[in-house]
Amino acid sequence: MEDFFAFAGLLRSLKVTKRTGWVLRGVQQPESIADHMYRMSMLALTIDTSKCNVNREHCAKMALVHDLAESIVGDITPCDNVPKQEKHRREMEAMEHIKGLLPGEAGGEVMDLFLEYEAAETNEARLVKDLDKFDMILQAFEYEQADNRPGELQEFFDSTKGKFKTDLVQAWVETLRAKRSAWMETQQKSSATPVA
């Protein structure tokens, strides 16, 4: 029973830990790690499998698990200057701990989903990797709109340019970029219009 409550406590930390990138950029009311994982999972459940050869439920589970290690290691970003190998080592150690907290087959399933995501060799893992990046830029655009900061989170768009692997998410990205460009143009025009 203690392991159950320890795991539940780790999930709580995902609910209250704000994503580092947004905090560092001064975003008001930044999303939590759990917020990010939840939207990714819901997006995975909406995938039209006639356009994308994946198992939606498997993708949703993977999205729920992909940042689980952050409940222990925190949201490590490039700004932290942690080498990729060290980040991976920390996350693996955290996942081994989490696996040990879970009963029966659950621990193995959670670890397998995490390893599959990290390897990015299956259609599902490649899609979830794309959902991870897509959610980030969608969130960046939503913050720009909410805080009336046109273009101020461009670095998030730049960091993902050319990195999407699936046709489906690439189409979403193109649509998002077009919506953002149109919004920024509207904002520029309205700020340039003199007040009478």
Side-chain angles (χ1 to χ4, degrees), residues 11 14 19-22 31-80 82-96 98-99 102 105-142 153-180:
L11 297 179
L14 294 172
R19 294 193 74 206
T20 306
W22 308 132
E31 69 175 340
S32 70
I33 298 167
D35 293 332
H36 164 65
M37 294 164 67
Y38 178 76
R39 178 154 67 178
M40 282 178 61
S41 297
M42 291 304 296
L43 291 175
L45 284 176
T46 69
I47 297 298
D48 181 351
T49 55
S50 70
K51 296 180 180 175
C52 193
N53 184 25
V54 295
N55 178 313
R56 289 181 308 155
E57 291 79 13
H58 190 72
C59 290
K61 286 181 181 182
M62 193 180 302
L64 283 174
V65 167
H66 86 286
D67 279 342
L68 189 55
E70 293 181 13
S71 65
I72 295 173
V73 302
D75 185 13
I76 301 170
T77 68
C79 298
D80 295 316
V82 174
K84 200 172 197 172
Q85 277 188 314
E86 175 60 15
K87 179 179 186 280
H88 180 71
R89 185 197 66 74
R90 290 180 193 179
E91 289 178 344
M92 283 302 299
E93 191 174 283
M95 290 303 295
E96 286 292 344
I98 291 166
K99 178 183 175 183
L102 299 173
E105 296 175 7
E109 182 181 13
V110 164
M111 179 61 89
D112 289 347
L113 287 163
F114 176 76
L115 293 173
E116 182 181 350
Y117 174 80
E118 288 293 303
E121 293 174 354
T122 64
N123 288 344
E124 285 80 5
R126 284 188 287 273
L127 177 69
V128 175
K129 288 270 187 184
D130 275 4
L131 290 176
D132 189 22
K133 293 184 284 285
F134 176 76
D135 181 62
M136 180 182 72
I137 61 173
L138 176 59
Q139 190 65 62
F141 177 45
E142 290 168 346
L153 298 174
Q154 180 63 38
E155 67 189 284
F156 293 94
F157 288 85
D158 294 343
S159 73
T160 61
K161 193 166 187 163
K163 294 189 178 175
F164 292 93
K165 307 292 183 205
T166 61
D167 292 342
L168 178 67
V169 180
Q170 284 177 8
W172 293 356
V173 170
E174 288 173 24
T175 302
L176 176 61
R177 288 182 185 275
K179 288 172 74 70
R180 181 173 178 253

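Hydrogens, waters and symmetry mates are skipped; everything else that's a heavy atom, side chains included, is used.
No side-chain heavy atom of Arg89 sits less than 4.5 Å from a side-chain heavy atom of Gln85. Between Asp135 and Glu31, some side-chain heavy-atom pair lies under the 4.5 Å cut-off. Side chains of Glu121 and Glu116 form no contact here, defined as non-hydrogen atoms less than 4.5 Å apart.
Looking at His66, its side chain does come within 3.5 Å of a backbone N or O of Ala63 through a donor-acceptor pair. Side-chain atoms of Asp67 never come within 3.5 Å of backbone atoms of Glu70 as a donor-acceptor pair (strictly under, hydrogens ignored). Without hydrogens or angle criteria, Thr122 side chain to Ala125 main chain gives a donor-acceptor distance under 3.5 Å. With hydrogens and angles disregarded, a donor-acceptor distance shorter than 3.5 Å links the side chain of Arg56 to the backbone of Leu45. Remark: the backbone N or O of Thr166 is paired with a side-chain donor or acceptor of Asp130 at under 3.5 angstrom. The backbone N or O of Phe164 lies less than 3.5 Å from a partner atom in the side chain of Gln170, making a donor-acceptor pair. For Glu91 (side chain) and Val73 (main-chain N/O), no donor-acceptor pair under 3.5 Å exists by modelled atom type. For the pair Asp35 (side chain) and Ser32 (backbone), a donor-acceptor distance under 3.5 Å is present. In this structure, the side chain of Asn123 engages the main chain of Asn53 through a donor-acceptor pair within 3.5 Å.
Among all heavy-atom pairs drawn from Ile98 and Ser71, the shortest one is CD1-OG, 3.8 Å. Nearest approach of Ile47 to Cys52, heavy atoms of both residues: CG2-CB, 3.9 Å. Between Leu153 and Ala140, the shortest heavy-atom distance links the atoms CD1-O, 3.4 Å. Closest of all the heavy-atom pairs between Glu124 and Asn55 is OE2-N, 2.9 Å.
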Walk me through it: do Met95 and Val110 pass the test side chain to side chain contact (heavy atoms under 4.5 Å, CB included)? CA-CA 8 Å; Met95 290 303 295; Val110 164; 3.6 Å; yes

I would like to know whether Leu138 and Arg39 meet side chain to side chain contact (heavy atoms under 4.5 Å, CB included); could you show each step before the answer? CA-CA 11 Å; Leu138 176 59; Arg39 178 154 67 178; 3.5 Å; yes

Met92 vs Leu115, side chain to side chain contact (heavy atoms under 4.5 Å, CB included): CA-CA, chis, key distance, verdict: CA-CA 9 Å; Met92 283 302 299; Leu115 293 173; 3.6 Å; yes

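In summary, Lys61 and Glu109 engage in a salt bridge, as defined by a charged side-chain N under 4.0 Å from a carboxylate O. With respect to Asp158 and Lys161, no salt bridge is recorded, no charged nitrogen being found less than 4.0 Å from a carboxylate O. Taking the charged nitrogens against the carboxylate oxygens, Glu86 and Arg90 do have a contact shorter than 4.0 Å, which makes a salt bridge.
Side chains of Gln139 and Arg19: a donor-acceptor N/O pair is absent below 3.5 angstrom, by distance only.
For the atom pair OG1 (Thr160) and CZ (Arg177), the distance works out to 5.0 Å, reported to the nearest 0.5 Å. Here Leu131 contributes atom CG and Met42 contributes atom CE; the two are 12.5 Å apart, rounded to the nearest 0.5 Å. Rounded to the nearest 0.5 Å, atoms CG (Leu176) and CZ (Phe157) are 5.0 Å apart. Taken from CD1 in Ile76 to NE2 in His88, the straight-line distance is 12.0 Å, to the nearest 0.5 Å. Within the model, atoms CD1 of Ile137 and OG of Ser159 stand 8.5 Å from one another, a figure rounded to the nearest 0.5 Å. Summarising the geometry, atom CZ belonging to Phe134 is positioned 11.5 Å from atom CE belonging to Met40; distances are rounded to the nearest 0.5 Å.
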